[in-house]
Amino acid sequence: MNTSIIKNYSKLKFSLYFLPLFCLAALVLFLYYENALSVYNYAQIQKSSFLYINAHLGLYPNLQYNLTQLGDASIFLSFLTLFVLYAPKLWESLLSGLLFSLLFSCPLKAIFGVPRPAVIFNNEITCIMGRKLCGFNSLPSGHSIVVFTILTIILFAFMPQRLKFKILWSVSIITIGFILAFTRVGVGAHYPLDVITGSILGYISGISGIFISRKYKIGAWINNDKYYPIFIALFIICCICLVGKIIKENLIIYYLSFISLAVSLYKITYVYVKK
């Protein structure tokens with residue numbers, strides 16, 4: 001599996017940046033055309049679409065709230081922990097990509113200073129799940145960046161060889177990505193364009209993570225079993241944190257995440273002790 005991933009990553013070219021950069025440029029031109037480059041107008045041009053999506057996705061609040069937790073890197077990565085053993089190259093790219101994504105998320109939120117929907121629309125919002133977010137850090141959506149960073153790396157790691165399967169695989173991953181990303185609108189935390197922008201930036205972070213890990217080998221230590229105790233300790237800490245989350249909110253996604261972590265913890269401990 002690891003060899004196959006390395007082979008897939010070696011085929012990637014920098015031309016993969018063209019499409020997301022074009023999409024970002026098109027998005028800026030759209031906002032300029034709509035006279036929505038100001039914070040207030042940015043929110044107002046999305047009012048109807050935000051309220052429509054929020055109202056319809058809000059019909060399934062529990063589903064939305066569970067799925068949106070996958071925008072938390074610690075939750076999403078819990079389902080991929082077993083790949084530490086079988087596909088360390090995947091994890092090299094994940095760590096590089098997520099670190100790279102920090103360059104987008106926090107600085108851009110501070111630069112743009114876009115108020116959350118709850119600040120602008122308040123009582124008009126049909127569904128707000130979880131803690132009501134009222135800050136001025138809506139753009140871009142950090143959850144969307146995380147989701148698309150991880151899914152982009154998975155997309156190219158397991159890309160099929162035959163064209164028709166490549167298309168099916170790519171469409172499936174992108175669809176899943178947007179379903180997860182738009183839960184942020186469903187729970188009332190972000191505007192649609194926050195999510196779209198975050199998704200594009202996440203894609204850029206994902207391919208950047210692949211290129212970084214391919215060139216610099218900064219995560220090569222993951223493939224060395226002498227470092228397994230580090231993962232064992234981290235998995236134990238994450239399990240404890242998940243127990244706390246389960247006690248606090250009792251979400252199905254937390255149980256599934258805990259089970260995945262527990263299986264990975266057992267497997268990696270077994271491999272390390274057996275050696």
Side-chain angles (χ1 to χ4, degrees), residues 1-12 14 16-17 20 67-106 140-159 169-170 172-174 176-177 180-181 198-225 227-239 241-242 253 256-258 260-261 263-265 267-268 271:
M1 182 184 295
N2 199 53
T3 303
S4 176
I5 291 175
I6 293 173
K7 183 178 179 180
N8 281 343
Y9 284 168
S10 67
K11 299 176 182 178
L12 303 185
F14 286 99
L16 287 171
Y17 284 107
L67 290 179
T68 203
Q69 303 307 318
L70 291 171
D72 181 337
S74 64
I75 301 300
F76 204 152
L77 292 179
S78 296
F79 292 97
L80 304 175
T81 47
L82 205 56
F83 287 111
V84 170
L85 287 172
Y86 301 111
K89 191 62 182 179
L90 177 71
W91 267 83
E92 288 183 40
S93 300
L94 285 171
L95 294 180
S96 299
L98 289 170
L99 287 174
F100 190 87
S101 71
L102 292 176
L103 298 176
F104 291 127
S105 185
C106 298
S141 165
H143 280 65
S144 301
I145 291 176
V146 168
V147 165
F148 266 86
T149 298
I150 295 174
L151 287 180
T152 297
I153 291 169
I154 293 174
L155 169 68
F156 291 111
F158 301 106
M159 182 66 73
W169 172 247
S170 299
S172 299
I173 291 293
I174 293 171
I176 290 171
L180 297 179
S199 300
I200 296 171
L201 295 177
Y203 177 84
I204 292 174
S205 298
I207 56 179
S208 296
I210 293 172
F211 288 135
I212 291 171
S213 67
R214 192 174 73 180
K215 183 174 182 179
Y216 295 106
K217 316 295 182 183
I218 58 177
W221 57 273
I222 296 174
N223 198 28
N224 192 328
D225 56 13
Y227 294 107
Y228 282 179
I230 295 177
F231 287 103
I232 292 172
L234 287 174
F235 291 175
I236 291 174
I237 293 172
C238 289
C239 284
C241 291
L242 277 169
I253 196 71
L256 296 176
S257 181
F258 179 84
S260 178
L261 263 176
V263 171
S264 299
L265 177 60
K267 187 65 178 179
I268 198 170
V271 171

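- Nearest heavy atoms, G142 versus S105: CA-OG, 3.9 Å.
- Ring geometry, W221 versus F231: the interplanar angle falls under 30°, so the pair is classed parallel (tilted spans 30 to 60°).
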Handout entry: Test log, rule side chain to side chain contact (heavy atoms under 4.5 Å, CB included), inputs C241 and I237
Key = CA-CA 6 Å; C241 291; I237 293 172; 4.2 Å; yes
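- Between the side chain of W91 and the backbone N or O of L80, at least one donor-acceptor pair lies under 3.5 Å.
- Side-chain atoms of S96 do not come within 3.5 Å of backbone N or O of S93 as any donor-acceptor pair.
- Contact check for I173 versus F156: no side-chain heavy atoms found under the 4.5 Å cut-off.
- Taking CD from E92 and CG from N2, the interatomic distance works out to 7.5 Å, rounded to the nearest 0.5 Å.
- When each of I212, L16, L155, I153 is tested with I207 by the rule side chain to side chain contact (heavy atoms under 4.5 Å, CB included), just one qualifies, namely L16.
- Side-chain atoms of S213 come within 3.5 Å of backbone atoms of I210 as a donor-acceptor pair (strictly under, hydrogens ignored).
- Closest of all the heavy-atom pairs between N8 and A157 is ND2-O, 2.8 Å.
- Annotation: side chain of F76 is not in contact with side chain of T149 (no heavy-atom distance under 4.5 Å).
- In this structure, the side chains of I236 and L265 come closer than 4.5 Å at one or more pairs of heavy atoms.
- C238 approaches L261 most closely through the heavy-atom pair CB-CD1, 3.5 Å.
- Side chains of S205 and S101: a donor-acceptor N/O pair is absent below 3.5 angstrom, by distance only.
- Between the S260 side chain and the L256 main chain, no donor and acceptor come within less than 3.5 Å of each other.
- Classification of the F211-Y17 ring pair by plane angle, with boundaries at 30° and 60°, yields tilted.
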